[in-house]
Amino acid sequence: MSESAVSGGRAVSVASAFAGMRSVAPVMFRAGCPDCRGRFELAASALRLAIGASSRTTFYSFTCPDCGAAVRKPAGERIVELLTGGGVRTLRLHSTL
């Protein structure tokens, strides 16, 4: 890959193309553990979202950093929107007939 690109007939260096960009802080989500009642913040990488065919099969999960419990909570439309927008890995569940 070249360190310059042609844009409209003129060469643009990689450094000048990315000069105006700023780094973005990672998204953090507030969560709580129903087992130990701990309250904490988790990075998107610590959460998993499963989207099923119904509200009963759509949920997010994580491991409590305080007690190690596997936590699974329902995810409505707004939660799904926030988690996917924040970069949480998503698994789409398919029903087997």
Side-chain angles (χ1 to χ4, degrees):
M1 188 177 255
S2 172
E3 288 196 27
S4 65
V6 177
S7 174
R10 61 184 186 119
V12 177
S13 72
V14 171
S16 64
F18 291 100
M21 296 182 74
R22 292 183 247 161
S23 64
V24 177
V27 176
M28 299 297 286
F29 296 93
R30 289 186 188 157
C33 176
D35 289 355
C36 72
R37 303 282 185 220
R39 311 279 300 147
F40 37 82
E41 288 189 347
L42 297 171
S45 61
L47 296 155
R48 296 293 175 266
L49 173 63
I51 300 175
S54 71
S55 60
R56 289 180 42 210
T57 57
T58 300
F59 60 90
Y60 65 99
S61 62
F62 59 90
T63 300
C64 175
D66 294 344
C67 72
V71 178
R72 178 175 160 165
K73 295 187 174 187
E77 288 182 31
R78 181 71 178 136
I79 297 294
V80 168
E81 188 178 306
L82 291 170
L83 294 176
T84 55
V88 171
R89 251 193 278 177
T90 303
L91 172 67
R92 294 203 180 268
L93 304 176
H94 299 280
S95 64
T96 57
L97 299 174

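Quick caveat: nothing in here was measured; it's all calculated off a predicted structure.
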Q: Considering non-hydrogen atoms only, spot the tightest contact between C36 and C64 and give its length.
A: SG-SG, 3.7 Å

Q: State which residues pass side chain to side chain contact (heavy atoms under 4.5 Å, CB included) with L49; sequence neighbours excluded, sorted by chain then number.
A: I51, Y60, A75, V80, L83, T84, V88, T90

Q: Identify the two heavy atoms, one from T63 and one from G68, that lie closest to each other, and give their separation to 0.1 Å.
A: CG2-O, 3.6 Å

Q: S55 versus P74: any side-chain heavy-atom pair under 4.5 Å?
A: no

Q: What residues form a side chain to side chain contact (heavy atoms under 4.5 Å, CB included) with T57, not counting sequence neighbours?
A: S54

Q: Who passes side chain to side chain contact (heavy atoms under 4.5 Å, CB included) against A31, sequence neighbours left out?
A: F40, L42, F62

Q: Return each pair, listed once, that meets salt bridge (charged side-chain N to carboxylate O under 4.0 Å, His left out) where at least one residue sits in residues 55-77; pairs must be two or more places apart or across chains.
A: none

Q: Show the nearest heavy-atom pair for residues C33 and V71, with the distance to one decimal.
A: SG-CG2, 4.2 Å

Q: What residue pairs, at least two apart or across chains, pass side-chain hydrogen bond (donor to acceptor under 3.5 Å, both in side chains) with a residue in residues 30-49?
A: none

Q: What are the two closest non-hydrogen atoms of L93 and A50, and how far apart are they?
A: CD1-CB, 4.0 Å

Q: Side-chain heavy atoms nearer than 4.5 Å, only ILVMFWY residues, links allowed to pass through others: does that put V27 and L82 together?
A: no

Q: Do S61 and L47 come within less than 4.5 Å of each other through their side chains, counting heavy atoms only?
A: no

Q: Can you name the salt bridge (charged side-chain N to carboxylate O under 4.0 Å, His left out) partners of R78, sequence neighbours left out?
A: E81

